[in-house]
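Worksheet: one structure, shown below.
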Protein chains: 2
Amino acid sequence: MPNLPLDAIDRRILSALQRDARLSNVDLAAEVGLSPSPCLRRVRLLEEAGVITDYRALLDRTAIGLGLTVFVGIKVDRHDDAHATAFREAVAALPQVVSCHLVSGESDFLLQIVLPDLAAYERLLLDTLLKLPGVKDIRSNFVLNTVKSMGTLPLDQVARS
Amino acid sequence: MPNLPLDAIDRRILSALQRDARLSNVDLAAEVGLSPSPCLRRVRLLEEAGVITDYRALLDRTAIGLGLTVFVGIKVDRHDDAHATAFREAVAALPQVVSCHLVSGESDFLLQIVLPDLAAYERLLLDTLLKLPGVKDIRSNFVLNTVKSMGTLPLDQVARS
DNA sequence: CGTGAAATAAAAGAGCC
DNA sequence: GGCTCTTTTATTTCACG
């Protein structure tokens, strides 16, 4: 699935679906200035090419009792393949871990973790995170307030092709 | 919109829609063990209560030319209301900023930023981020590799009500 | 909460510009 | 590549048990 070139209409389609995945094809077509048939063809192509990866419902974390978000920086003492892979797989398998990135800078990995409360985080930290393979240092940054979250990707910032 | 209590079926509905927002009501009902009518009633209630906030298409960042993700820690020198509010609004308005949280720890704010490449980040940093009101220090953590992203919220971790 | 029927809307396809 | 029109299919909605 190589880089299918995206034209202006594709970007408008992606932008619209990113805001509202439930748009009917007819409405979407109207919004991007196409008739329904070619619009649907493009959407299918974008799906098959892997540009659109998923359709998801977003939930209000606090409304479902997941009031605590923590950004956790983790340093590991080995970067060789075997240990690195073991660490990554273990982290990816944790349901509380919403995202995990290998990053430059002070920490090696930066994780976003979502859970009900501090007690749950204490348990996760002691029972799981500190026991992950190769962990040298853990820094916990608790989210006190969310200014913006789940922002859409800035399609406007991509160079026009 | 107070905390509507969620039972086991609600959680199953949320969990399913979080994975696939395009499930038809019939399929969703089958998956959660309900018939279509009450299932749809519950979904509408969850939407109206603000538990389901949005339906979105997720896009492959690299496929659309947004290959660079940066986690940016920002320290600000004032926490008083006027300046804090100005900072937050300015940040929230930037399309490249996917998320922004007030956090405990070394930085005051932690931003996730998505853009095409380093050149774009250089411009954003010099022209915009460094000029935000009250900024004292900026630490850029570049994402080298994504282990997990866009994880679903761990509904299993919520206490059963 | 479940069932079933009726109304609506959406997706898919053929043929043409 | 896009447009229109038609067919087919599925989804929502509602009244009632």
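Letters go in sequence order (proteins before strands), and every chain restarts at 1. Note that this is a predicted model, so its numbers are computed, not measured.
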Is a side-chain donor or acceptor of [X] paired with a backbone partner of [Y] at a separation under 3.5 angstrom?
X       : Y      : value
Q157(B) : P95(A) : no
N141(A) : V72(A) : no
K148(A) : A92(B) : yes
D108(A) : V76(A) : yes
T152(B) : R19(B) : no

Protein-nucleotide distance (R42(A), atom CZ; dA11(C), atom P), rounded to Å
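After rounding, the reported distance stands at 17 Å.
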Interatomic distance where CG belongs to L40(A) and P belongs to dT6(D) [whole Å]:
19 Å
Strand contacts (DNA chain D) in residues 14-35 of chain B, 4.0 angstrom heavy-atom criterion
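The stretch gives S24(B), N25(B) as the residues lying under 4.0 Å from the strand, ordered by number.
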What does the 5'-to-3' dot-bracket notation of DNA chain C look like when only Watson-Crick and G-U wobble pairs under 3.5 Å count, and pairs to other strands show as |?
.||||||||||||||||
Show me, pair by pair, the donor-acceptor contacts under 3.5 angstrom made by side chains of residues 83-91 of chain B, not counting sequence neighbours?
| unit_1 | atom_1 | unit_2 | atom_2 | d |
| --- | --- | --- | --- | --- |
| H83(B) | ND1 | D80(B) | OD2 | 2.8 |
| H83(B) | NE2 | R78(B) | NH1 | 3.4 |
| T85(B) | OG1 | D81(B) | O | 2.8 |

Please report the closest heavy-atom contact between S140(A) and V70(A), naming both atoms and the distance.
CB-CG1, 4.2 Å
For nucleotides 14-17 of chain C, tabulate all protein N/O to nucleotide N/O atom pairs closer than 3.5 Å, reporting atom names and distance.
none

With sequence neighbours excluded, tell me which residues meet side chain to side chain contact (heavy atoms under 4.5 Å, CB included) with T146(B).
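Side chain to side chain contact (heavy atoms under 4.5 Å, CB included) list for T146(B), sorted by chain: H101(A), R61(B), V143(B), S149(B).
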Pairing residues for Y55(B) by the ring pair (Phe, Tyr, Trp, His ring centres under 6.0 Å) criterion, not counting sequence neighbours:
none
Any non-hydrogen side-chain atom of L34(A) less than 4.5 Å from a side-chain atom of R42(A)?
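Yes, at least one pair of side-chain atoms sits under 4.5 Å.
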